[in-house]
Amino acid sequence: MPRHLRLWVYATAAMTLAGLAGSAGLASAQEARSLLLSRADSRMQSGAASLVPTLRGRWLYADHRLVVGRVQDVRVSQDGNTLIAVVARRRWLGGGAIGIPVPSLSQVDNDLTVSGTSRTIRAMPAL
């Protein structure tokens, strides 16, 4: 092998090893996740994914047949403990997407409902 090619191979290998050593230092600075947390997170994600076909596109009603809006998506909350239904709120209730915990939803006959008045629905913060 010619000398200039051999030097190039050595230099490339040295840079690659230096890059791997540098990235190993970064990897150790990341938060360690236990296997138990990873399993719980994947269960919540699969729970959200399984509810999407059931809830997406359904109208959500509040007290006294008040139309809140349509369910757009189901997501896992930021703390990772609750499933959240993302609802496109009607304009006259403040508009925007709001998050309603799935455990607070109920089904009466064929209607998806949540307890609340127009005032409480307006007071919900947008996502």
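The chain is numbered in sequence order, starting from 1.
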For D79 and N81 the tightest heavy-atom approach is OD1-N, 3.0 Å
Working for side chain to side chain contact (heavy atoms under 4.5 Å, CB included), residues Y61 and V67: CA-CA 5 Å; Y61 299 93; V67 179; 3.5 Å; yes
> Is T113 reaching over with its side chain to a backbone N or O of S106, donor-acceptor style, under 3.5 angstrom?
Replying inline: yes
Smallest heavy-atom separation, G116 atom then A62 atom, equals O-CB, 3.3 Å
d(W92 CH2, I121 CD1) to nearest 0.5 Å is 9.5 Å
Interatomic distance, OG1@T120 vs CG@D63, rounded to 0.5 Å, equals 7.0 Å
Less than 4.5 Å apart, any side-chain heavy atom of V68 and any of M124? no
message = Checking the side chain of R70 only, and the main-chain atoms of A88 only, is there a donor and an acceptor separated by less than 3.5 Å?
response = no
CG (L105) and CD1 (I100) are apart, to the nearest 0.5 Å, by 6.0 Å
Separation between OG1 (T54) and CG (L112), nearest 0.5 Å, reads 10.5 Å
The reported gap from OG1 in T117 to CG in L66 (rounded to nearest 0.5 angstrom) is 8.0 Å
Closest non-hydrogen contact found for P101 with T82 is CB-CG2, 4.0 Å
- Query: Does CD in Q78 sit with more than 12 non-hydrogen atoms of other residues, nucleotides or ligands closer than 6.0 Å?
  - Reply: no
Interatomic distance, CZ@R75 vs CG@L51, rounded to 0.5 Å, equals 14.5 Å
Go through the steps to decide whether V102 and I84 satisfy the test side chain to side chain contact (heavy atoms under 4.5 Å, CB included), and finish with yes or no.
CA-CA 5 Å; V102 170; I84 302 291; 5.9 Å; no
In V71, V86, D73, L83, the residue satisfying side-chain contact (heavy atoms from CB on, under 4.5 Å) with L55 is V71
The complete set of salt bridge (charged side-chain N to carboxylate O under 4.0 Å, His left out) pairs with one or both residues in residues 103-123, sequence neighbours excluded, reads R65-D111
What one should report as the nearest heavy-atom pair of G69 and V87 is C-CG1, 3.9 Å
_So for atom CZ, which belongs to R89, do other residues, nucleotides or ligands contribute more than 12 heavy atoms lying within a distance under 6.0 Å?_
yes
